[in-house]
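Reckoned from all heavy atoms, side chains included, excluding hydrogens, waters and symmetry mates.
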Amino acid sequence: MKKTACEKILWLALAPSSLAFIRKAWKDIPLRQVKKQAKANYTAMVNRTPDIGPYRANPLRLCLAGGMVWLSIFDAMDGKMTSEDFGKMIQSTLEASWLKALLSRQNRFSRRAQEKSYRQTLRANAASDSAFNWQAEVRLGRDENEYTMIFHQCGLCALGRQEGHEDLIPYMCQLDFAMIDLAGGCLKRTGTLATGADCCDFYIYKKGSKWDDASP
């Protein structure tokens, strides 16, 4: 795939908080060198990854680019970062005030928003038949305060296989809980493709709604 505005923006959005985490955790790391190597890794990773369609047709391009940013930085650490450190680095992304503000403004809990997500998901599924794309379905809930998303294919899993980092992908999955929490929701799921499940089953409901602590 080619580096588009999407990939450039994701680097600018995610790299600073990840590098700030490294600065705090490793006092003796030449951060400038790590950043330079990570950017080179990122460009190379983008170039060797199959395209999954433009952002307008497939918003999940953002997720794929985000995964490439984090894996590029991990590789730039040249073995000094453990998989647990990788998970902590990803979680540190949520310390960015811009991301907290963006997620908190999302309105997931309306029929209009969920129907829009349904239509977007159909377009995204059709944007590419590559293993690096997601294949998902949106199931409307019993009211606007709950809905379900089922992912039958995950582009990040394909990226992990390509880069030899399948063990790191589950740490990205953990970010889903925090992101939905910031958007005013709660997430329940039984498994993910990254951990060997048949699918990623997202049951999402609004905090404080009648579905809180209820069975889906």
Side-chain angles (χ1 to χ4, degrees), residues 6 10 13-14 50 52-68 70 87 90-91 93-94 99-100 102-161 166 168-216:
C6 175
L10 258 291
L14 300 181
I52 62 170
Y55 170 74
R56 287 182 179 275
N58 191 353
L60 287 171
R61 188 181 181 107
L62 285 173
C63 297
L64 188 59
M68 288 191 279
W70 287 318
I90 291 176
Q91 290 295 327
T93 302
L94 291 178
L99 183 55
K100 288 182 177 180
L102 178 65
L103 292 172
S104 64
R105 289 198 300 268
Q106 286 186 348
N107 179 18
R108 291 175 175 265
F109 302 103
S110 73
R111 276 293 189 229
R112 183 177 180 180
Q114 291 158 14
E115 288 169 357
K116 180 180 179 181
S117 178
Y118 175 83
R119 293 191 297 271
Q120 286 180 330
T121 297
L122 291 179
R123 288 197 300 271
N125 289 347
S128 169
D129 60 1
S130 166
F132 289 78
N133 193 20
W134 282 255
Q135 291 297 319
E137 57 178 305
V138 175
R139 298 177 182 174
L140 299 181
R142 289 160 284 190
D143 65 19
E144 71 277 6
N145 291 323
E146 65 160 6
Y147 65 99
T148 300
M149 294 191 72
I150 307 293
F151 292 89
H152 301 284
Q153 179 173 286
C154 170
L156 288 174
C157 291
L159 180 66
R161 289 191 294 271
E166 291 178 88
L168 298 181
I169 305 305
Y171 292 96
M172 299 186 198
C173 301
Q174 291 305 308
L175 196 60
D176 297 326
F177 291 94
M179 292 177 68
I180 290 171
D181 177 73
L182 284 170
C186 297
L187 167 64
K188 290 183 179 179
R189 68 184 175 203
T190 61
T192 66
L193 291 162
T195 54
D198 292 334
C199 67
C200 306
D201 54 338
F202 285 55
Y203 171 62
I204 300 165
Y205 59 89
K206 187 176 183 179
K207 293 178 188 176
S209 71
K210 66 181 181 181
W211 308 116
D212 215 333
D213 296 324
S215 298

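- Closest heavy-atom contact between Cys173 and Ala194: SG-CB, 3.7 Å.
- With hydrogens and angles disregarded, no donor-acceptor distance shorter than 3.5 Å links the side chain of Asn145 to the backbone of Lys206.
- Heavy-atom minimum distance, Leu64 versus Leu156: CA-CD2, 4.2 Å.
- Looking at Ser117, its side chain never comes within 3.5 Å of a backbone N or O of Ala113 through a donor-acceptor pair.
- When all heavy atoms of Arg111 and Arg142 are compared, the pair lying nearest together is NH2-C, 3.8 Å.
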Given side chain to side chain contact (heavy atoms under 4.5 Å, CB included), test Trp134 with Cys63 step by step and report yes or no.
CA-CA 10 Å; Trp134 282 255; Cys63 297; 3.7 Å; yes
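- Between the side chain of Gln135 and the backbone N or O of Asn125, at least one donor-acceptor pair lies under 3.5 Å.
- Distance check, rounded to the nearest 0.5 Å: CG of Asp181 to CG of Leu103 gives 10.0 Å.
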Carefully, step by step, assess Leu62 and Cys6 under the rule side chain to side chain contact (heavy atoms under 4.5 Å, CB included).
CA-CA 7 Å; Leu62 285 173; Cys6 175; 3.6 Å; yes
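- Using a 4.5 Å heavy-atom threshold, the side chains of Phe151 and Cys199 count as separate.
- In this structure the side chain of Arg108 reaches within 4.5 angstrom of the side chain of Ile180, judged on heavy atoms.
- Minimum interatomic distance between Tyr203 and Trp211 (heavy atoms only, all atoms of both residues): OH-CB, 3.7 Å.
- The two residues Gln114 and Val138 make their nearest non-hydrogen contact at O-CG1, 4.2 Å.
- In this structure the side chain of Leu168 never reaches within 4.5 angstrom of the side chain of Trp70, judged on heavy atoms.
- Atom CZ in Phe177 sits 4.0 Å away from atom CZ in Arg189 (nearest 0.5 Å).
- The backbone N or O of Ile52 sits less than 3.5 Å from a side-chain atom of Asn58, completing a donor-acceptor pair.
- Here the straight-line distance linking atom CG of Leu193 with atom CD1 of Ile169 works out to 11.5 Å at 0.5 Å rounding.
- The environment of NZ in Lys207 is crowded: more than 12 heavy-atom neighbours from other residues, nucleotides or ligands sit within 6.0 Å.
- Counting heavy atoms from C-beta on, the side chains of Tyr147 and Phe202 never come closer than 4.5 Å.
- When side chains are defined from C-beta on, Tyr171 does not count as touching Gln91, because their heavy atoms never get closer than 4.5 Å.
- How far CD of Gln120 is from CG of Leu122: 10.5 Å, rounded to the nearest 0.5 Å.
- Closest approach of Leu14 and Gly66 over heavy atoms only: CD1-CA, 3.6 Å.
- Looking at Gln153, its side chain does come within 3.5 Å of a backbone N or O of Ser130 through a donor-acceptor pair.
- To the nearest 0.5 angstrom, Asp198 atom CG is 10.5 Å from His152 atom NE2.
- Considering CZ of Arg139 and CD1 of Ile150, their distance stands at 4.5 Å, rounded to 0.5 Å.
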